[in-house]
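None of the values given here were measured: they were computed from a predicted structure. When a ligand or atom number is given, it counts from 1 through the structure's own listing order. Residue numbers count from 1 along this sequence.
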Amino acid sequence: MNDALIDAARRAREHARAHFSHFRVGAALETADGTIVTGCNIENATYGLTICAERVAMFKALSEGHQRFTRIAIVADTDDPTSPCGPCRQILWEFGGDLEVILANLSEEKGRYMLRDLLPLPFDARVLGHKR
Ligand code: THU
């Protein structure tokens, strides 16, 4: 399916700093008002400070004042869908809620999921007794 959000994630992937894994990922997060905020994975020489494309997109968006989100597209050059890692699922859930997660590669869409299905029984602020 042709989708501007997927195209934005593909373009963001071009900026990935993946000199160590050579695995480049792009993400595009859609806000409630239709703004698209992108991210790419950024690795560094210590490896452990790597940050995934999804979290770059979410942290950029939060830092720019966005608070409500609807969808995120994630793109990698893989035949099987590249889905978000555990830490990214947690961050997307806590700050984005039940996003639609669209997985795609360079040429086609590979699937759509709701985040609640990718992160069942989540730990979040409600467990701590806070309202979201
Ligand atoms: N990576 C992402 O950016 N997002 C994902 O959904 C999966 C993994 C990055 C982290 C690291 O830079 C590289 O891909 C290999 O794991």
So which heavy atom on [X] is nearest to which on [Y], and how close?
{"X": "Leu99", "Y": "Arg71", "value": "CD2-N, 3.8 Å"}
{"X": "Ala27", "Y": "Ile72", "value": "CB-CD1, 4.3 Å"}
{"X": "Val75", "Y": "Leu106", "value": "CG1-CD2, 3.9 Å"}
{"X": "Ser83", "Y": "Arg89", "value": "OG-NH2, 3.1 Å"}

Ser83: numbered ligand 1 atoms lying under 4.0 Å from its heavy atoms: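 Here the atoms of ligand 1 in question are 6 (O).
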- Query: What are the atoms of ligand 1, with element, lying closer than 4.0 Å to any heavy atom of Glu54?
  - Reply: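 What qualifies from ligand 1 is 2 (C), 3 (O), 4 (N), 5 (C), 6 (O).
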Is it true that a side-chain atom of Gln90 and a backbone atom of Phe123 form a donor plus acceptor pair closer than 3.5 Å?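 Flag set: sc Gln90 to bb Phe123 pair under 3.5 Å.
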Exercise for review: May I ask you to decide if Asp80's main-chain N or O and Lys110's side chain share a donor-acceptor pair within less than 3.5 Å?
Suggested key: no
| request: Would you verify that at least one protein heavy atom lies under 4.0 Å from atom 16 (O) of ligand 1, or report that none does? | output: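 It does not: no protein heavy atom is found less than 4.0 Å away from atom 16 (O) of ligand 1.
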Please write down residue, atom name and distance for the protein heavy atom closest to [atom].
{"atom": "atom 3 (O) of ligand 1", "answer": "Ala53 N, 2.9 Å"}
{"atom": "atom 7 (C) of ligand 1", "answer": "Thr82 CG2, 4.1 Å"}
{"atom": "atom 14 (O) of ligand 1", "answer": "Phe23 CD2, 3.4 Å"}

* To do: Look at atom 8 (C) of ligand 1 and find which of Pro87, Cys40, Ala16, Cys52 reaches it with the closest heavy atom.
  =>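 Of the listed residues, Cys52 has the closest heavy atom.
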If you compare Glu43, His22, His19, Arg24 by their heavy atoms, the one closest to atom 12 (O) of ligand 1 turns out to be Glu43
Can you confirm, on distance only, whether ligand 1 has an N/O atom lying under 3.5 Å from any N/O atom belonging to Asn41?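 Yes, there is a polar N/O contact under 3.5 Å.
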key: Criterion side-chain contact (heavy atoms from CB on, under 4.5 Å) on Thr78 and Phe23, from CA distance to verdict   = CA-CA 9 Å; Thr78 54; Phe23 190 83; 3.6 Å; yes
| Would Pro84 count as a contact of ligand 1 if the rule is a heavy atom under 4.0 Å away? |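 In this structure, Pro84 qualifies as a contact of ligand 1 - some heavy atom is under 4.0 Å.
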